J.: 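I'd like to ask some things about the structure below.
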2 protein chains.
Amino acid sequence: MKNLFHPDKDDIHLSSVLYALSDPVRLFIVSEIRRLGERSCGDIDVPVVKSTMSHHARTLREAGVLNVRIQGTQRMLTLREDDLESRFPGLLLSILDAYDRNGEPISSHTSE
Amino acid sequence: MKNLFHPDKDDIHLSSVLYALSDPVRLFIVSEIRRLGERSCGDIDVPVVKSTMSHHARTLREAGVLNVRIQGTQRMLTLREDDLESRFPGLLLSILDAYDRNGEPISSHTSE
DNA sequence: TTCATTATTCGATTGTTATCGAACAATAGA
DNA sequence: TCTATTGTTCGATAACAATCGAATAATGAA
């Protein structure tokens, strides 16, 4: 049985969280999990192939944004809302609210 | 007289702002400007050479985080607090508060 | 005009990342 | 045991980024 690394709450770093959430695809993933609750990787309708999705899920997990629970062949993703809220109060909410208010395109952060 | 590009308020993108603030050096720069008010590039005691500082100032300006005003040979930097607050309510404050609460290290591979 | 101050640009280096497809692994179910 | 489902890992690629030092530019002061 595999054991997935998750950083301790106190090892979650602001710059890593901001970096993880600065990618439009990852922002979309996180927004969907917040909207729908726990979901597997495959449940999230994201315009990348599954190996890329796996990469993003890992990036978010290692940054401390997501918790990943193994259930059969699936990886169930949840937001680490409580850990993030206690470490960075208001941060996640303001980011996700900003995301929902302004329709960010899912292309690239160097768009124009 | 040179004219520096600043994105319109409505062209400031969440992912770009998060990316700009995901670098520890840039977080420090922004935190210092918030703490001290308007400052020139050279006023900020940051552990990088001036060409690198120039690069970071440009990244923050182009992301919409900083306003840069030319005064003589200096570039005076201010936070675009109002624009950011109206577009992403609470975001900047929660980031800077999180930064101040948890001392994020500036991990740089050079000393100066 | 000459010099000092301040910052930008340029070229190079080194490292990181987002993406894909193919191969692989783990599990559940028949 | 066989097969389908679900993800991960690996290798490759192309793009981007953080940093430095040197050269350049703009300005103000002597």
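Nothing here was measured: the structure is a model prediction, and the numbers come from that model. Letters go in sequence order (proteins before strands), and every chain restarts at 1.
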J.: According to a 4.5 Å side-chain heavy-atom criterion applied to Ile, Leu, Val, Met, Phe, Trp and Tyr, with indirect links allowed, do A:Leu66 and A:Val48 form part of one hydrophobic cluster?
T.: yes

J.: Apply salt bridge (charged side-chain N to carboxylate O under 4.0 Å, His left out) to B:Asp100 and list each qualifying residue two or more places apart in sequence or on a separate chain.
T.: B:Arg34

J.: Could you tell me the separation between the CE atom of A:Met76 and the P atom of C:dT27, rounded to a whole number of Å?
T.: 16 Å

J.: Where do N or O atoms of nucleotides 28-30 of chain C meet protein N or O atoms at under 3.5 Å, pair by pair?
T.:
none

J.: Tell me the interatomic distance from B:Lys50, atom NZ, to C:dT6, atom C1', rounded to whole angstroms.
T.: 7 Å

J.: Return the value, rounded to whole Å, for the distance between atom CG of B:Asp23 and atom P of D:dC16.
T.: 18 Å

J.: Where along residues 27-48 of chain A does a heavy atom come under 4.0 Å from DNA chain C, residue by residue in number order?
T.: A:Val48

J.: Look at the side-chain N and O atoms of A:Arg75 and state whether any lies under 4.0 Å from the OP1 or OP2 oxygen of D:dT8.
T.: yes

J.: Could you tell me whether the side chain of B:Thr59 and the main chain of B:His55 form a donor-acceptor pair under 3.5 Å?
T.: yes

J.: Got a sec, which residues hit side-chain contact (heavy atoms from CB on, under 4.5 Å) with A:Arg61, two or more places apart in sequence or on another chain?
T.: A:Leu4, A:Phe5, A:His6, A:Arg58, A:Val68

J.: Strictly distance-based, threshold 3.5 Å: is any side-chain N or O of A:Arg26 a donor or acceptor partner for the main-chain N or O of A:Ala20?
T.: yes

J.: Do B:Ser22 and A:Ser22 pair up side chain to side chain, a donor and an acceptor below 3.5 Å, judged on atom types alone?
T.: no

J.: Indicate every side-chain donor-acceptor pair of residues 76-92 of chain B with a distance under 3.5 Å to a residue at least two apart or in another chain.
T.:
residue : atom : partner  : partner atom : Å
B:Arg80 : NE   : B:Asp83  : OD2          : 3.1
B:Arg80 : NH1  : B:Pro7   : O            : 2.9
B:Arg80 : NH2  : B:Pro7   : O            : 3.1
B:Arg80 : NH2  : B:Asp83  : OD2          : 2.9
B:Glu85 : OE1  : B:Gly90  : N            : 3.1
B:Glu85 : OE2  : B:Gly90  : N            : 3.3
B:Ser86 : OG   : B:Lys9   : NZ           : 3.0
B:Ser86 : OG   : B:Asp83  : O            : 3.3
B:Arg87 : NE   : B:Lys9   : O            : 3.4
B:Arg87 : NE   : B:Ile12  : O            : 2.6
B:Arg87 : NH1  : A:Asn102 : OD1          : 3.0
B:Arg87 : NH2  : B:Asp10  : O            : 3.3
B:Arg87 : NH2  : B:Ile12  : O            : 3.2

J.: Is there a donor-acceptor contact under 3.5 Å from the side chain of A:Glu104 to the main chain of B:Leu14?
T.: yes

J.: In this structure, how many angstroms lie between the C1' atom of D:dT6 and the CG atom of A:Leu4, rounded?
T.: 14 Å

J.: In terms of hydrophobic clusters joined by side-chain contacts under 4.5 Å, are A:Leu60 and A:Val46 together?
T.: yes

J.: Check DNA chain C against residues 52-69 of chain B and give the residues with a non-hydrogen atom under 4.0 Å, in numerical order.
T.: B:Ser54, B:Arg58

J.: What nucleotide among D:dG21, D:dG7, C:dA18 has an atom nearest to a side-chain atom of A:Arg26?
T.: C:dA18

J.: Measuring from atom OG of B:Ser40 to atom CG of B:Asp43, what distance do you get when rounded to the nearest 0.5 angstrom?
T.: 3.0 Å

J.: For a quick test of reading the model: is some side-chain N or O of B:Tyr19 closer than 4.0 Å to OP1 or OP2 of D:dA18?
T.: yes

J.: Measure across B:Leu27 and A:Ser15 and return the closest heavy-atom pair with its distance rounded to 0.1 Å.
T.: CD1-CB, 4.4 Å

J.: On DNA chain D, does the nearest nucleotide to A:Ser51 precede the nearest nucleotide to A:Gln74 from the 5' side, or the other way round? Give the residue.
T.: A:Gln74

